[in-house]
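Since the structure comes first, as structure tokens, the remarks are kept for the end.
Since the structure is predicted, the reported quantities are computational estimates derived from the model, not experimental observations. Throughout, protein chains are lettered first and strands after them, A, B, ... in sequence-line order, and every chain is numbered starting at 1.
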Protein chains: 4
Amino acid sequence: MSAGSPASTPKGERRRQALVEAAARLLVEGGFDAVRHRAVAERAGLPLASTTYYFRDLDDLVAAAAEHHGRGELARGWAQLAELTAGRRDVDGVVEIVLDQLLGPATERDAEAVVLRYERLVATGRRPHLRPLMSELSADLHELLLETLARCGIPADHERVNRLVALVDGSVVNALIEVHPDPRGAARRMLHSALAEGL
Amino acid sequence: MSAGSPASTPKGERRRQALVEAAARLLVEGGFDAVRHRAVAERAGLPLASTTYYFRDLDDLVAAAAEHHGRGELARGWAQLAELTAGRRDVDGVVEIVLDQLLGPATERDAEAVVLRYERLVATGRRPHLRPLMSELSADLHELLLETLARCGIPADHERVNRLVALVDGSVVNALIEVHPDPRGAARRMLHSALAEGL
Amino acid sequence: MSAGSPASTPKGERRRQALVEAAARLLVEGGFDAVRHRAVAERAGLPLASTTYYFRDLDDLVAAAAEHHGRGELARGWAQLAELTAGRRDVDGVVEIVLDQLLGPATERDAEAVVLRYERLVATGRRPHLRPLMSELSADLHELLLETLARCGIPADHERVNRLVALVDGSVVNALIEVHPDPRGAARRMLHSALAEGL
Amino acid sequence: MSAGSPASTPKGERRRQALVEAAARLLVEGGFDAVRHRAVAERAGLPLASTTYYFRDLDDLVAAAAEHHGRGELARGWAQLAELTAGRRDVDGVVEIVLDQLLGPATERDAEAVVLRYERLVATGRRPHLRPLMSELSADLHELLLETLARCGIPADHERVNRLVALVDGSVVNALIEVHPDPRGAARRMLHSALAEGL
DNA sequence: GATGAATGAGACTTCATTCAT
DNA sequence: GATGAATGAAGTCTCATTCAT
């Protein structure tokens, strides 16, 4: 999916990967603007020129980083699902599971940890080249949630998942503007009240 | 609310305003990254140094632009409300009105026109200094929707408005990643299905 | 001596003085480079344009500040002399008095407090317009030391004062480069060893 | 000792050196304030960006220039010493040699040529990062004078050298404020009178 | 007399990208 | 294949000074 160019040697692939990981970490920490050639190279402990050697330009590297981060999140989600024993759960349990799938595991610095998911979504609005990637990731996330709800004994279809996702994402983006943002809390409250009314 | 400093004369106020408007236009067209001293000055047809004369630094100018844009949207919303004849409406009518309030009037290039609202929300996640402003705007928007729903004969409380907003915003951010994004359409479908089930 | 231009009114004179004092304080705190129109005006609580209204240009203001500071030091020196009871003193006493006259009263942050005297001397090397002023101040300082030594019962002539001054100033400028500078201490040691050998 | 970073190739080293020399020349001509990125680049006939490519920031470049100048002076001093035939000399001869070591060879525009030594010393008072460098240069100069005096058949220890240096430096900084400065002359007179009295 | 407004010049620095080796 | 070297373009911001009022 990523553009890629040279280096099909194992070593080349390893270095490419190191750059992607470095870029992904920067993405999480500082957003899209923080992904610069220099910063990535330093993080990865590789020469500056390697960033343009392995990636056509910065957009290419940013895209690869976004993809890496997105796939990592999904992998975590599927792994979490695999460990989930089947069976009915109360609302509280389901809500927490869904929040974990959508926002990642709860952190102390939640607001900051969560923001990248939304930066990615919104940034795609101005970067058409990210759309195919993001669409793919999104479809997979959808699938993951569908399975997760099923495992929890909650009947779910595409529409219901869409609504759940919208409720969470909508709550979060609106929570980010609070002076002391608590996006996870906001999403949790929203989900509860929605589920209480039968979604 | 905006920081600003000099220019109490009418002319000064006019120039300041010209800069804000130029910055706001750039914000709409290119997002936060597009608001640069040079670009703003050129847009406004004013000397480069005027940007730092009227605004302490770029953050200050960006904030003023965001505020300008946000207040403009709200003003439009209230004006629209004022022209709204009271009385019950069918779901279709209400949905269109709510979409207009939240996303602005329908445009051809809808995806692009709509994206700034979400950039603003998300950007605030990394720019704490925008939070007070955004919170204020958000509260006003909330009020506007409350009134709008009342005018449409739909019983609404804070919670219901929150849910509506979340549904729209969540739909939109998830629609932005489609290869051919139709955020307004996505939000419309979501609202319909939600209202059909009694919200 | 200072250039001066407008404002012979009492109020004008007062504001001019306020600017000079503000500039002098900045001079002490940050050296010549710290004396900027903006900084001076802010310190003095006066409008920016007043700095160019009362002083032809920045050099003029800097010169006035240097003069103010220099004359203040000298006034302090003469006052100190006036309070000095006549009579022979031991070397220690004389040394401390001379150090006070040349370097100002001992401070905790001595290195920083002392540096301006030498910046002024050296800066004059590149600013011929400061020379008449500095020469006058220097002559007065010379006179002060002559009187001081006499009061202490130490026979002194111009040559001896010159040598004393040179020893102190030479010690100080060479002490400023230490990692933990102690210019007063260095000057003290130098004076002691010189006086021990009969100057 | 200088910070620097890239350029290990001969060519790189040469360009780096060109920048340092350009900066050093500017330092001599106009003092610390004259060392600006633009000015250095133009002097060296190199692109502006090369100044930040070879030097982390301006402070780094200024320090390198100060070091270059200082080491050059010292090298000249040691070379001069090497050419010095051993043996007793009269006071006049010794004085001239010491002045050469401390102030550089006599020039027509003496006052200007000499001022940088003192700017460097005094500037260090406000720029702690220069202290280690200046201390090292100072120690070497001390050594040079010790050897020089020995070569001239004059018994000298650290204390005596310190006193000599202080006398010269003190004379010079006080001479810089004369309307027609003659720092070398002043130092010469001071040394004579001091040596006449057995130091 | 006094000052708010205004700006051209220039300061330092970062960065994406190219290219020779 | 890999990378150190290099740089043009642009970024943010400060400042001394002028001028109209």
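- Between B:Arg36 and F:dT12 there is a side-chain N or O to OP1 or OP2 distance below 4.0 Å.
- Checking E:dT7, F:dT3, E:dA2 against the side-chain heavy atoms of A:Tyr53 singles out F:dT3 as nearest.
- Position along DNA chain F of the nearest nucleotide to A:Ser50 versus C:Val35 favours A:Ser50 as the more 5'-ward residue.
- Of the candidate nucleotides F:dG11, F:dG8, F:dT3, F:dT3 has the atom nearest to the side chain of A:Ala49.
- With a cut-off of 3.5 Å on both pairing distances, the Watson-Crick or G-U wobble partner of F:dG11 is E:dC12.
- Comparing F:dT17, E:dT13, F:dA2 by their nearest atom to the side chain of D:Leu48 picks out E:dT13.
- In this structure, the side chain of C:Thr124 engages the main chain of C:Arg120 through a donor-acceptor pair within 3.5 Å.
- Within the shown strands, E:dA2 is the pairing partner of F:dT21 under the Watson-Crick or G-U definition, both distances less than 3.5 Å.
- Looking at the side chain of C:Asp57, the nearest of the listed nucleotides E:dT7, F:dT17, E:dT17 is F:dT17.
- Between A:Asp33 atom CG and B:Arg126 atom CZ the span is 9.0 Å, to the nearest 0.5 Å.
- Annotation: side chain of A:Leu130 is not in contact with side chain of B:Ile177 (no heavy-atom distance under 4.5 Å).
- With salt bridges taken as basic N to acidic carboxylate O contacts below 4.0 Å, none links C:Glu21 and C:Arg25.
- For the pair B:Arg14 CZ and E:dA5 C1', the interatomic distance rounds to 13 Å; values are reported in whole Å.
- Remark: P of E:dC12 and CG of D:Asp60 are 14 Å apart, rounded to the nearest angstrom.
- Rounded to whole angstrom, the span from the CG atom of B:Asp33 across to the C1' atom of E:dC15 amounts to 14 Å.
- Whole-Å rounding puts the A:Leu61 CG to E:dT17 P distance at 11 Å.
- For the pair C:Arg43 and C:Glu29, the salt-bridge criterion is met [side-chain N within less than 4.0 Å of a carboxylate O].
- Here the nucleotide nearest the side chain of A:Thr52, chosen from F:dG11, E:dT17, F:dC15, is E:dT17.
- Across the protein-nucleic acid pair, B:Phe32 atom CZ and F:dG11 atom C1' stand 19 Å apart, rounded to whole Å.
- Taking atom NZ of residue D:Lys11 and atom P of nucleotide E:dT21, one finds them 8 Å apart after rounding to whole Å.
- Taking every side-chain heavy atom of B:His37 into account, F:dT12 is the closest of F:dC15, F:dT12, F:dA5.
- Geometrically, B:Arg16 engages B:Phe55 in a cation-pi contact, judged by NZ or CZ lying under 6.0 Å from the ring centre and within 45° of the ring axis.
- Look at CD on C:Glu42: it is 13 Å from C1' on F:dC15, rounded to the nearest Å.
- Closest approach to the D:Thr9 side chain among F:dC13, F:dA5, E:dC15 is made by F:dA5 (side chain taken as heavy atoms from C-beta onward).
- In this structure, the CZ atom of A:Arg38 is 12 Å from the C1' atom of F:dG4, given to the nearest Å.
- Comparing atom distances between the B:Arg15 side chain and each of E:dT7, F:dT3, F:dA2 picks out E:dT7 as nearest.
- Comparing E:dA2, F:dT17, E:dA16 by their nearest atom to the side chain of C:Tyr54 picks out E:dA2.
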